[in-house]
Amino acid sequence: MKWILTLAAFFGLTGVMLGAFAAHGLKGKLENQLLAAFQTGVQYQLWHALALILLVLLYRQQPQPLLQWAAISMCSGVVLFSGSLYLLAITGMKWLGPITPLGGLAMILGWLLLLIAALRGGQI
């Protein structure tokens with residue numbers, strides 16, 4: 001799970017940097033709708049960085065494969081969901097739009113796997 005913690009720290013670091021970039025570098029340069037999409041990507045990235053840290057801590061207490069799968073799913077979700085929103089906002093490439101829901105589904109799957117792991121307790 002060390003690589004998950006590393007990714008969580010990276011997502012947190014870049015989330016703050018991208019949020020500042022949006023607030024100071026993109027404001028007035030992008031349409032409000034595109035700026036809002038970019039900021040949504042930042043918010044979801046930061047929330048999932050925190051969730052990944054939680055998953056690492058939980059895994060250390062109760063090592064369950066479902067927690068690893070939840071983390072992988074959430075990482076994939078951040079890349080697909082937030083990444084597609086960033087690229088869509090900056091480039092205006094509309095074909096990126098269908099990728100965003102796939103990232104959202106990956107995030108949802110990660111939370112579902114965490115729920116299942118919690119209900120199972122220490123069972124594998």
Side-chain angles (χ1 to χ4, degrees):
M1 292 292 275
K2 181 179 178 181
W3 68 274
I4 296 294
L5 185 57
T6 302
L7 272 177
F10 177 76
F11 287 157
L13 170 71
T14 56
V16 171
M17 292 169 64
L18 289 167
F21 175 64
H24 302 288
L26 295 178
K27 193 172 185 180
K29 295 182 179 159
L30 291 181
E31 298 174 20
N32 286 340
Q33 182 180 3
L34 292 176
L35 184 59
F38 193 97
Q39 290 171 331
T40 297
V42 169
Q43 290 173 349
Y44 277 75
Q45 179 174 331
L46 288 172
W47 281 113
H48 284 84
L50 292 174
L52 289 167
I53 293 168
L54 172 68
L55 284 170
V56 169
L57 293 174
L58 289 172
Y59 186 82
R60 288 182 179 172
Q61 295 299 312
Q62 292 185 4
Q64 295 184 60
L66 281 177
L67 296 175
Q68 291 176 312
W69 286 109
I72 291 167
S73 186
M74 286 186 187
C75 288
S76 301
V78 168
V79 171
L80 293 172
F81 182 85
S82 296
S84 66
L85 286 177
Y86 299 147
L87 290 172
L88 175 68
I90 291 174
T91 66
M93 289 190 247
K94 303 284 187 206
W95 63 267
L96 290 165
I99 295 172
T100 307
L102 296 176
L105 286 173
M107 289 175 174
I108 291 167
L109 177 61
W111 286 104
L112 177 63
L113 292 171
L114 174 56
L115 174 63
I116 293 168
L119 292 172
R120 284 188 177 178
Q123 300 172 6
I124 295 176

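These numbers were taken from a predicted model, which means no experiment stands behind them.
Atoms CD1 and CZ, from I90 and F21 in turn, are 5.0 Å apart once rounded to the nearest 0.5 Å. In this structure, the separation between CD1 on I108 and CG on L113 is 12.0 Å, given to the nearest 0.5 Å.
Side chains of W111 and H48 form a contact here, defined as non-hydrogen atoms less than 4.5 Å apart. Considering only heavy atoms from C-beta on, L7 stays 4.5 Å or farther from V78 through its side chain. Side-chain contact between L52 and L5: absent, with no pair of heavy atoms (C-beta onward) separated by less than 4.5 Å. The shortest distance between side-chain heavy atoms of Y86 and Q45 falls below 4.5 Å.
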**Item:** Steps toward side chain to side chain contact (heavy atoms under 4.5 Å, CB included) verdict (L55, W69)
**Value:** CA-CA 10 Å; L55 284 170; W69 286 109; over 6 Å; no
**Derivation of the side chain to side chain contact (heavy atoms under 4.5 Å, CB included) call for I53 and F11** = CA-CA 11 Å; I53 293 168; F11 287 157; over 6 Å; no
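Within 6.0 Å of CE on M17 lie no more than 12 heavy atoms contributed by other residues, nucleotides or ligands.
Taking each heavy atom of L46 and G12 in turn, the nearest pair found is CD2-O, 3.6 Å.
Residue L114 is tested with L66, L58, L109 for a side chain to side chain contact (heavy atoms under 4.5 Å, CB included); the sole match is L58.
Within the 3.5 Å criterion, the main-chain N or O of V79 finds no donor-acceptor partner in the side chain of S82.
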